[in-house]
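Here the structure comes first, spelled out in structure tokens, and everything after it is commentary.
Convention: sequence-line order gives letters A, B, ...; per-chain numbering from 1. Since we're looking at a predicted model, the values are computed, not measured.
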Number of protein chains: 2
Amino acid sequence: MRTLAKKKKPKVATAKPQRRSEQGADKRELILAAALDEFSQNGFASARLDDVAKRANVAKGTIYLYFKDKESLFQELLRTQISPVMGMLEAVLAGGKDAKPVPLRELAHRVADLFVEQVIATRRKDIVRLILTEGPRFPKLAEFYYREVISRGLGALRARAERAVKEGELKSDALVRFPQLIVAPALTAIMWKSMFDKFEPLDAKALMKAHIENLFDKEERQ
Amino acid sequence: MRTLAKKKKPKVATAKPQRRSEQGADKRELILAAALDEFSQNGFASARLDDVAKRANVAKGTIYLYFKDKESLFQELLRTQISPVMGMLEAVLAGGKDAKPVPLRELAHRVADLFVEQVIATRRKDIVRLILTEGPRFPKLAEFYYREVISRGLGALRARAERAVKEGELKSDALVRFPQLIVAPALTAIMWKSMFDKFEPLDAKALMKAHIENLFDKEERQ
DNA sequence: GACTTATGACTGACTAGTCAGTCATAAATT
DNA sequence: AATTTATGACTGACTAGTCAGTCATAAGTC
């Protein structure tokens, strides 16, 4: 028995694809990509690590050099893949914090565009779907997401909605009480695309646009 | 192999809790109820039929007297539990078909109430969640739902929205193009309740009310 | 710079455990 | 006693996780 095998995670700090097999895209990334495919196709329980390994062109044991077990691989996948989006989201929400205040309506369009382009149109939508579908069975994950993504995102939206009410951009406080209403159609779009798109394709961008116009248009129609 | 086991379904027509063990709620129903618990707690793949049997106070073999296999049990569960709701829904949507036309706004409130009371507040919300989460892995099921529930429901909503536009109740055709927008928050509420309710409880009824007011309120504000 | 030794990333056959589905037998019913 | 309904021990397919061994490369030695 290898006495040190416990906390392995080699190269965690370097991030360089070093030595042996120079084309060597980092194995870790290969495995994560393969895992996304398998998990989003089969769900956590039915996904086989043998298949992940095969897809990543790696032996099964290699997975265990980089991840403690199946669940760690899964959770790490879901955690790491969202942070870039959160970064962008925060940038968008912050934009206009200082100088001229961007109207909430404009902000909503930007957030929607970001979401459509960076999530719904990419494989990240599968990440979101996995969180929605497997979340209830992984309390740690649900808590992480609530803390890091949901409460932050909705908190920011709520703050902007509050300001919009004060400044007269919004007449109703519905969005302050339920900022979820701003993003609800985005979730619906994700679920739709993964189940019903083959029967009736959905234009997510148009959907979000129509939704936001619904929320704001009438405000301005005197 | 029992040659008849294929299309078994004993007593399928009677629907009476008959004979033996007079407290005897029909075994079939017992099994379905237990299955809902296990499946919604663990998902299809991780749910164990041993546990379903235990919960239903029945031997494992008994399950196979009533259902062909695990997947049949699952699919039948999801199919049968929604039809009563569809019945109610159709009643609501038909109400006002003949005499005085109920405004779409009023209709939306009724649909929302129905959904909140009959689905979100009950164990049926778990049925919907299972459909959303497992649907992609059961194409037959997804197709069934699209055909029997989604396209019908959205079709009805779309027709009413069209009329509302013609009659001036709605200024925008957004709801005609995307009737999904009417129900999106309901799905969000279901997902929220199963993942985040313990961190931040959501008042689904108030959410739906705020949403519908958002959609219609401003139309009428001169 | 050739030759030897050391390293550790990588492999995949193997183990131990799980669970859907079966079936010989028993109980209940008619 | 014949038939229907129920039981639960059992089987076999499947898979997460392990670990002894391999080998490409790096480091040390002359």
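Counting distance only, with no hydrogens placed and no angle test, the side-chain atoms of K60(B) and the base atoms of dG21(C) include a donor-acceptor pair under 3.5 Å.
Checking dT5(D), dA9(C), dA20(C) against the side-chain heavy atoms of K70(B) singles out dA20(C) as nearest.
Remark: C1' of dG8(C) and OH of Y66(A) are 10 Å apart, rounded to the nearest angstrom. Look at CZ on F74(B): it is 13 Å from P on dA20(C), rounded to the nearest Å. Protein atom CD1 of I63(A) is 10 Å distant from nucleotide atom P of dT11(C), rounded to whole Å. Regarding R28(A), its CZ atom lies at a distance of 16 Å from the C1' atom of dC10(C), rounded to whole Å. One atom, NZ of K68(B), and another, C1' of dG21(C), lie 11 Å apart when rounded to the nearest Å. Put simply, OH on Y64(A) is 17 Å from C1' on dA9(C), counting in whole angstrom units. With rounding to whole Å, I31(A) atom CD1 is found 14 Å from dG17(D) atom P. Atoms CG (N57(B)) and C1' (dT7(D)) sit 13 Å apart, rounded to a whole Å.
Not one N or O on the side chain of S46(A) forms a donor-acceptor pair closer than 3.5 Å with the backbone of G43(A). Without hydrogens or angle criteria, E134(B) side chain to F44(B) main chain gives a donor-acceptor distance under 3.5 Å. With hydrogens and angles disregarded, a donor-acceptor distance shorter than 3.5 Å links the side chain of H211(A) to the backbone of L181(A).
OP1 or OP2 of dC10(C) has at least one side-chain nitrogen or oxygen of K27(A) nearer than 4.0 Å.
The aromatic ring centroids of F74(B) and F138(B) lie less than 6.0 Å from each other.
The aromatic rings of Y146(B) and F196(A) are tilted relative to each other, their planes meeting at an angle between 30° and 60°.
Residues from residues 33-49 of chain B that place a heavy atom under 4.0 Å from any atom of DNA chain D: there are none.
Among all heavy-atom pairs drawn from F144(B) and R79(B), the shortest one is CE2-CG, 3.5 Å. Taking all atoms of both residues into account, the shortest heavy-atom contact from M208(A) to A186(A) is SD-N, 3.7 Å.
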